[in-house]
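Residues take their numbers from the sequence shown, with the count starting at 1. Values reported hereafter were calculated over all heavy atoms of this structure, with side chains retained and with hydrogens, waters and symmetry mates removed.
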Amino acid sequence: MPSKIRDLVNELERAGFVNRGGKGSHRNYAHPKIAKPITISGALSDDAKHYQIRAVATAIKESKS
């Protein structure tokens, strides 16, 4: 069963990312240690796409280094 968008959002927020808002179903998350914000699109109950899961994992990894 694929992850949901809400799971990705929770992971980002636990890692210290802050939601900077967005248009429509898009959310922009920023972190002080990362220059480029990460954008997550979709309703919270939607299945996460593979590229979104990878992007979140990479961003969290970068924020810890």
Side-chain angles (χ1 to χ4, degrees):
M1 184 169 195
S3 298
K4 298 288 185 181
I5 297 293
R6 95 171 46 83
D7 298 333
L8 298 182
V9 168
N10 287 336
E11 287 180 36
L12 285 170
E13 290 176 350
R14 277 194 305 257
F17 285 77
V18 178
N19 186 356
R20 297 188 52 212
K23 286 188 162 189
S25 65
H26 289 71
R27 297 164 200 80
N28 295 307
Y29 285 89
H31 193 278
K33 292 184 178 180
I34 297 178
K36 187 177 176 185
I38 180 170
T39 302
I40 302 293
S41 63
L44 292 176
S45 61
D46 289 348
D47 289 340
K49 308 282 189 224
H50 294 289
Y51 69 88
Q52 291 173 319
I53 295 169
R54 243 180 314 179
V56 168
T58 302
I60 291 172
K61 188 176 179 182
E62 286 179 24
S63 72
K64 294 184 182 199
S65 59

Side-chain atoms of residues 10-22: list all donor-acceptor pairs with protein atoms under 3.5 Å, sequence neighbours left out, distances to 0.1 Å.
from	atom 1	to	atom 2	distance (Å)
Asn10	ND2	Arg6	O	3.3
Asn19	OD1	Gly21	N	2.8

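Here the closest heavy-atom approach between residue Ile34 and residue Ala59 is recorded as CD1-O, 3.1 Å. The minimum heavy-atom distance between Leu8 and Ala48, with the atom names listed, is CD1-CB, 3.5 Å.
Remark: Thr39 pairs with Asn28 by the side chain to side chain donor-acceptor pair (under 3.5 Å) rule, at least two apart or across chains.
Sorted by first then second residue, the salt bridge (charged side-chain N to carboxylate O under 4.0 Å, His left out) pairs that include residues 35-54, not counting sequence neighbours, are Lys4-Asp47.
Gln52 places no side-chain N or O within 3.5 Å of a backbone atom of Ile40 that could act as its donor or acceptor partner.
Distance check, rounded to the nearest 0.5 Å: CD1 of Ile53 to OG1 of Thr58 gives 11.5 Å.
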